[in-house]
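This report refers to the structure that appears directly beneath it.
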Amino acid sequence: MCGIVAYIGPRQAYPVILKGLKRLEYRGYDSAGVALLNHGLKVYKKKGKVADLEESLIGKDLEAHAGIGHTRWATHGEPSDRNAHPHSSASGKLAMIHNGIIENYTQLKTELTKKGYQFKSDTDTEVLLNFIEDIQKNNNCELEEALRIALKRVVGAYVLVLLDQDNPDTIIAARKGSPLVIGIGKGEHFLASDASPIIEYTKDVVYVNDFELAIIKADELVLKNLGNEKITPFVQKLDLELTAIEKGGYDFFMLKEIFEQPDTIFDCLRGRLDVNNRTITMAGVQNNIEQLKNANRIIIIACGTSWHAGLLAEYVFEELCRVPVEVEYASEFRYRNPVIHAGDVIIAISQSGETADTIVAIERAKEQGAFIFGVVNVVGSSIARISNAGAYTHAGPEIGVASTKAFTAQLVVLIMIALKLAKEKKSIDDDRYVYLLNELHNIPEKVKEVLLLDDDIKKLADKYKNAKDALYLGRGYNFPIALEGALKLKEISYIHAEGYPAAEMKHGPIALVDDSLPVVFVATKDSYHQKIVSNIQEIKARKGKVIAVISAGDDMIPKMADDIMMVPEADEIVAPLLSVIPLQLLACYIGIAKGYDVDKPRNLAKSVTVE
Ligand code: M6R
C-alpha cells in the first residue's frame with residue numbers, strides 16, 4: 001500500500017518521479033505528491049490520482065535533480081490534500097514519504113504535543129518526521145543519526161525516504177516490513193516500492209532489507225544497519241522488460257492480464273512439466289523433498305484471492321497426497337495461538353510477496369519451528385526471501401488490483417507440487433499421474449478457447465450489470481472458484497456477491513432467491529455434477545436467474561439455465577483453471593459497463609502492506 005519513488009542524479013527528478021508514480025498507482029490512489037530540492041525544498045501534493053497532481057503542477061517551477069514522490073492508500077486520516085505525502089517537518093527543512101504504519105504514533109504525538117509541536121495532518125508520518133527532527137535538534141546530530149535513534153523507538157512497518165534541505169546532495173531511506181528497491185545507474189540512483197519505475201533506466205538493483213538504512217548520493221550508495229555498521233550492497237540484475245508493465249493495446253491492465261493467461265500458464269509450466277519424460281522439475285520441492293514427504297500436516301496461509309488458491313490446493317493435496325491440509329487466513333493465523341509442530345509444513349501463497357499479514361504469519365510459524373514453502377509471484381519480494389524454500393509463479397507483473405493471471409499461475413504451481421509430492425509418496429497411481437500431467441500440459445490451449453467467449457460475456461455483462469446482489473455457487477474443486485468469482489465481482493463492480501458451496505445454499509442463502517437474483521453456478525463436469533444439477537433446479541423452482549459455467553458436451557444444464565458459458569472439458573482437478581476465466585471476464589466487463597476504472601477499484605490497493 002502506498003507507492004514511493006525517489007531520484008537523485010543529473011536528470012530532471014520530477015519527470016522520473018511522475019512516471020514512476022503512475023506505474024505504482026496500483027498500490028494506492030487516494031492522493032499523490034512530490035518534494036523537490038532546488039535552492040530549498042518545494043512540496044506539492046494533491047488529493048486524487050497522480051494525473052490530478054500532474055495537472056495541478058502545470059506551469060510550476062519543477063526544476064530539481066533530487067526529489068521524492070508518493071501515491072497514497074490512506075491509513076491515518078482521510079484522503080485529502082493535507083494528509084497527502086510528502087510531509088514537511090516543523091522547521092520546513094525536512095520532507096518525508098512513508099509506506100506502512102507507525103503503530104505507536106499516538107504515544108509519540110503526545111510527547112511531541114507536550115513539547116509544543118503542532119500538526120498539519122492526521123497522519124502517523126508527520127508525527128514520525130517531527131519526532132526525527134526533534135531528536136536531531138536535541139542531539140545536534142546529522143539526520144542519519146537522528147533517524148537511527150528514532151527507529152529504535154518506532155513500532156510498526158515502514159519504508160521512509162527523507163530529503164533534507166541542508167544536505168541537498170543526499171537522500172536517506174530506511175526499511176522495515178515494506179518493500180524498497182534501489183536502482184543503480186551511472187552517477188544516479190532511483191528508489192521505488194518495486195522495480196517498475198526503475199527498469200527503463202537500469203537493471204542493476206539492490207533490495208533493501210529490514211532494519212537497513214540507505215544513504216544515497218548521485219554517485220554513492222551506502223547501506224548501514226541500525227547499529228551504524230556498513231553493509232555491502234548485494235547488487236542483482238532485474239529480469240523484467242518494460243513491455244511487461246505496459247497495457248499493450250488493452251484499455252485496462254485487468255483485461256490484458258486476463259488475456260495473457262494462455263502465456264502465463266505456459267510460462268509457469270515451462271521447464272517444469274515434461275509430459276514426454278513424465279517428470280515435474282521444481283528445485284524448491286526436490287531439494288526439500290524429505291521435509292515435504294514427511295510432513296504430518298500442511299498449513300496453507302494466504303489472503304484474498306491467494307487464499308482461494310490455497311483452498312483449492314487443500315482439496316488437491318488431500319486427494320493426491322493423502323496428507324491433512326488446513327487453510328488459514330494469514331490475518332487470523334497471526335493473532336491466534338495456532339498449534340504448530342516441528343513436522344508441519346507451511347505453504348504461504350502471495351502474488352506480491354509483500355502482504356503484511358502473510359509475512360507476520362510466516363514469522364510466527366517460523367518461530368515455532370515450521371518449514372515455510374513460499375508460492376510467490378514477485379521475484380525477490382519479502383515472502384520469497386523469508387521462506388525456507390519455494391516456487392515462483394512466473395506470471396509476470398500483475399498491475400490490475402484484481403488478481404487474475406497470478407491466481408491461475410498459483411493454481412498451476414500448487415497442482416504441480418501436489419503431483420510431484422504424490423508421485424514421491426506413491427499416493428497416486430501411474431495412469432492417473434500421467435493423465436494429469438497431460439491435462440495440465442493442455443491447459444494453455446484450452447484457456448485460449450475459453451477466451452473466445454469474450455464477446456458473449458460482454459453481452460452477459462450488459463444484461464446483468466444492474467443487479468444489486470449475486471450468488472456464486474460451486475461444489476468440490478469448483479467451490480473455491482465460486483468464492484473467487486464473487487470476490488472479483490464485488491471488488492471491481494461494487495455489486496454485492498456471495499460465494500457458497502452449492503449444497504450450503506439450503507441452509508440460508510436460498511432465502512435470498514427471487515426473480516431478480518442472478519445465481520452463478522460453477523458447474524463443469526466433475527464427480528458432483530448430478531448434485532449441482534439438482535441445486536440448479538432448486539434455484540429455478542424459486543425463479544432465480546441461473547448463469548452457469550459448464551463443460552462442453554453438457555446437454556442437461558443448457559436446458560435449465562438462463563445463460564451459459566461453456567468451457568472445454570478437463571479433469572476436475574485442472575478444470576478450475578478454465579472455469580475461473582469466464583468469471584474474471586464477467587466481473588471485468590460488468591465493471592467496465594458501469595463506467596468504473598477496473599484497474600483501480602475504490603478503497604483497494606494491490607499490495608496490502610498494512611495489517
Ligand atoms: O499479494 P497477495 O497475493 O498476498 O495479496 C492477497 C490479497 O490482498 C489479494 O489477493 C486481493 O484479495 C486481491 N485484490 C484480489 O483480487
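Counting convention: from 1, in listed order, for ligands and their atoms alike. Side chains included, hydrogens not; waters and symmetry mates left out as well; all remaining heavy atoms used.
There is a side-chain donor-acceptor pair under 3.5 Å between T408 and Q261. H76 and D122 share no side-chain donor-acceptor pair at under 3.5 Å.
Ranking the protein heavy atoms by distance from atom 6 (C) of ligand 1 puts C303 O, 3.3 Å first. The nearest heavy-atom contact from the protein to atom 14 (N) of ligand 1 is E491 OE1, 2.9 Å. The single protein non-hydrogen atom nearest to atom 8 (O) of ligand 1 is V608 CG2, 3.8 Å, given as residue, atom name and distance.
The shortest separation from a heavy atom of V401 to ligand 1 is under 4.0 Å, placing the residue in contact. Using 4.0 Å as the threshold, E354 has no heavy atom nearer than that to any atom of ligand 1.
Taking only nitrogen or oxygen atoms, main chain and side chain alike, A402 does not reach within less than 3.5 Å of ligand 1. Close N/O approach between T305 and ligand 1 is found [any backbone or side-chain N/O within under 3.5 Å]. Annotation: Q351 places an N or O atom under 3.5 Å from an N or O atom of ligand 1; distance criterion only.
Evaluation of the ring-ring contact (aromatic ring centres under 6.0 Å, His included) test over residues 242-269, restricted to residues two or more places apart or in two chains, returns Y250-F259.
Shown in contact with K488 at under 4.0 Å from a heavy atom are these atoms of ligand 1, numbered in order with element: 15 (C), 16 (O). Counting the atoms of ligand 1 from 1 in the order shown, those under 4.0 Å from a heavy atom of S403 are 15 (C), 16 (O). Counting atoms of ligand 1 from 1 in the listed order, those under 4.0 Å from a heavy atom of S352 are 1 (O), 2 (P), 4 (O). Taking every heavy atom of S306 and a limit of under 4.0 angstrom, the matching atoms of ligand 1 come to 2 (P), 3 (O), 10 (O).
For the pair E212 and K176, the salt-bridge criterion is not met [side-chain N within less than 4.0 Å of a carboxylate O]. Between K405 and E260 there is a salt bridge, since at least one side-chain N of the basic residue sits less than 4.0 Å from a carboxylate O of the acidic one. Look at D52 and K49 and you find no salt bridge, because none of the NZ, NE, NH1 or NH2 atoms lies under 4.0 Å from a carboxylate O.
A donor-acceptor pair under 3.5 Å links the side-chain atoms of E398 to the main chain of A406, judged by distance alone.
For atom 2 (P) of ligand 1, the nearest non-hydrogen atom from the set T393, I349, T355 belongs to T355.
Aromatic ring pairs are classed by plane angle as parallel below 30°, tilted from 30° to 60° and perpendicular above 60°; the pair W307 and Y329 is parallel.
Not a single salt bridge (Lys or Arg N to Asp or Glu O under 4.0 Å) links K420 to another residue, sequence neighbours left out.
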